[in-house]
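All values derive from a computational prediction rather than experimental measurement. First listed ligand is number 1; within each ligand, the first listed atom is number 1.
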Amino acid sequence: HEITVGDLARQLSVKAGELIKKLMAEGVMATINQNVDFETATLIASEYKYEVKSNLVSLDDILSSKKDAYESADQQERPPIVTIMGHVDHGKTSILDALRKAKVAAGEAGGITQHIGAYSVEKDGRKVAFLDTPGHEAFSAMRSRGAQVTDIVILVVAADDGVMPQTVEAISHAKDAGVPIIVAVNKIDKPNINLDRVYTELTEHGIQSEEWGGDTQFVKVSALQGTGLDDLIEAVLLQSEILELTAATDVPGTGAVVEAHLDKGRGPVATVMIREGTLRVGDHVVAGTKVGRVRAMTNHLGKRLKSAGPSTPVEIVGLSEVPMAGDTIDVVEGERQAREVAAWREEQAAAMASGKSSAASLEELLSKVKDADTPEVPVIVKADTQGSVEAVTEAVMKLNTDKVRNRVVHKAVGGINESDLSLAETSGAVVVAFNVRAARGLDEEAEKRGVMVKYFSVIYEIVDALKAVMAGKLPPIQ
Ligand code: GDP
């Protein structure tokens, strides 16, 4: 009986980062994809429930009864959900647009594509869903709210530019989330490109192409000329077969809010990616803490739908207020249950906000940490030069013993940026900053989000500090 931290966060509708911090306080170190045992999960769940007022329904109960339904329901193959990431100007938006133009309009004649935040394409009767906000910011923002909707990441690397800082960030985010990567080498129409250089640089970051004996699919494309797009879809479908993605369709729908806004005429409008089950017009839903009833549902072509199944992006109207991107949306029995769940979630959020402490201190970590099977300290290394990045990483990795290990989830030259914080938040990593500072305002932000940032200018100090964190991860001596 185990549950991943991400799933637990989703069930409790709290931020994964907050949950990780909470787990830390209980002496359990786990990243978003790691399992916690049933006992721990129950303990944490009970803490989050606080004193549930008797008139409020616990979402746990509803979700666990739904889970039974899910488990007994027939599982069917479902389309993969893809996010496109990569360095700025490498062609993420161009690829999204080219795919939409080539595959959507052609497939469903008469439709005018609407930008609703997600769309799906079809090839030989098989579908692929794309999240329309490229970049790891959206990816990690959703993840930190507990909604990991992405099955596959397409990493766009411009053939004329190669691996750049945000390429590396994207790799780290995808790896930490445990999401497989497909590389789209873009702009191959340009003169004077050097594909070998791109392949070599990616190999240096642990992404090796199948042609070179690795296990990552590389697809050469030109978004500008529309070449290679079919191959890219093929690669996604192949990866999806390997992942054996399935979902139950014949159960009440559940999904994630991808985008939401207030429309003058229609009221709150939300784009939802359905994860499991079926969403129908007329369903009562709770999206985060907002309630409503699905009044109308349209797809990315503006076509009205009565119902929609797993991996389908839909735009819905009928919510009373605008939810947030990353909120989970669940079908509930009726209006009363919707209000009760919403009230329950609000109460939790308020309790969380008031009880929220400042950033974890080393001492805090130390005093409480004991752990599980493979104690691991996730670490993000930021330093002033490539040489010092390597030196720090080496120092960090040298500390590994057979009982406890450091895992470098990301390393790069430069100051601490927003991407580092979101990665630290979702992975529970300690940020080790060597001769660099955080961007303006990010120290406070780190504290708010419970991210531990340690500044150093001498390597042996890092060693001492990390040894202390690692020691804390060892089980107490009996
Ligand atoms: P994003 O920042 O990653 O979303 O990149 P964009 O899609 O905005 O593209 C950045 C620039 O690269 C734009 O000027 C595009 O026209 C150009 N571009 C994108 N794809 C290609 C391509 O395949 N070939 C060439 N030559 N230019 C491209």
Side-chain angles (χ1 to χ4, degrees), residues 81-106 113-121 123 128-143 149-150 152-175 177 179 181-199 201-202 205 207 209 211 216-236 258-259 271 300 313 325 410 412 414 417-419 422-423:
I81 303 170
V82 179
T83 295
I84 298 199
M85 298 204 243
H87 195 71
V88 63
D89 280 347
H90 280 197
K92 300 179 292 293
T93 312
S94 303
I95 289 179
L96 276 165
D97 287 347
L99 285 170
R100 185 185 356 239
K101 254 213 295 250
K103 294 286 154 211
V104 178
T113 57
Q114 326 261 319
H115 284 262
I116 64 168
Y119 66 89
S120 84
V121 304
K123 185 172 192 299
V128 178
F130 285 91
L131 293 175
D132 210 356
T133 316
H136 51 257
E137 295 81 6
F139 179 78
S140 63
M142 291 198 62
R143 244 185 108 203
V149 280
T150 303
I152 296 167
V153 162
I154 292 180
L155 179 68
V156 180
V157 185
D160 61 339
D161 206 21
V163 169
M164 297 301 280
Q166 287 157 19
T167 317
V168 182
E169 287 173 10
I171 293 171
S172 300
H173 278 272
K175 278 195 177 164
V179 177
I181 290 172
I182 291 171
V183 175
V185 182
N186 189 32
K187 308 198 186 184
I188 53 156
D189 57 280
K190 283 203 162 182
N192 309 323
I193 53 169
N194 182 350
L195 290 180
D196 274 358
R197 200 192 98 206
V198 177
Y199 280 47
E201 286 173 353
L202 281 163
H205 290 92
I207 308 285
S209 100
E211 299 153 72
T216 306
Q217 298 189 75
F218 279 47
V219 185
K220 300 178 193 82
V221 303
S222 163
L224 196 69
Q225 300 185 335
T227 50
L229 298 177
D230 269 327
D231 297 340
L232 190 57
I233 298 287
E234 281 296 338
V236 169
V258 172
E259 218 175 78
T271 295
H300 55 279
H410 178 64
N417 61 24
E418 174 58 38
S419 163
S422 58
L423 185 57

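For the 3.5 Å distance criterion, the side chains of N186 and H90 fail to qualify, holding no donor opposite an acceptor.
For H410, the ring-ring contact (aromatic ring centres under 6.0 Å, His included) criterion is met by no residue, not counting sequence neighbours. In this view, A129 and I81, S120, M273 satisfy the side chain to side chain contact (heavy atoms under 4.5 Å, CB included) rule, not counting sequence neighbours. Residues satisfying the side chain to side chain donor-acceptor pair (under 3.5 Å) criterion with D231, sequence neighbours excluded, are absent altogether.
At a threshold of 4.0 Å, the pair R100-D132 counts as salt-bridged, since one of the basic side-chain nitrogens sits closer than that to a carboxylate oxygen. A salt bridge between E211 and K220 is present, with a side-chain N of the basic residue lying under 4.0 Å from a carboxylate O of the acidic one.
Ligand 1 lies under 4.0 Å from heavy atoms of H87, V88, D89, H90, G91, K92, T93, S94, N186, K187, D189, K190, S222, A223, L224.
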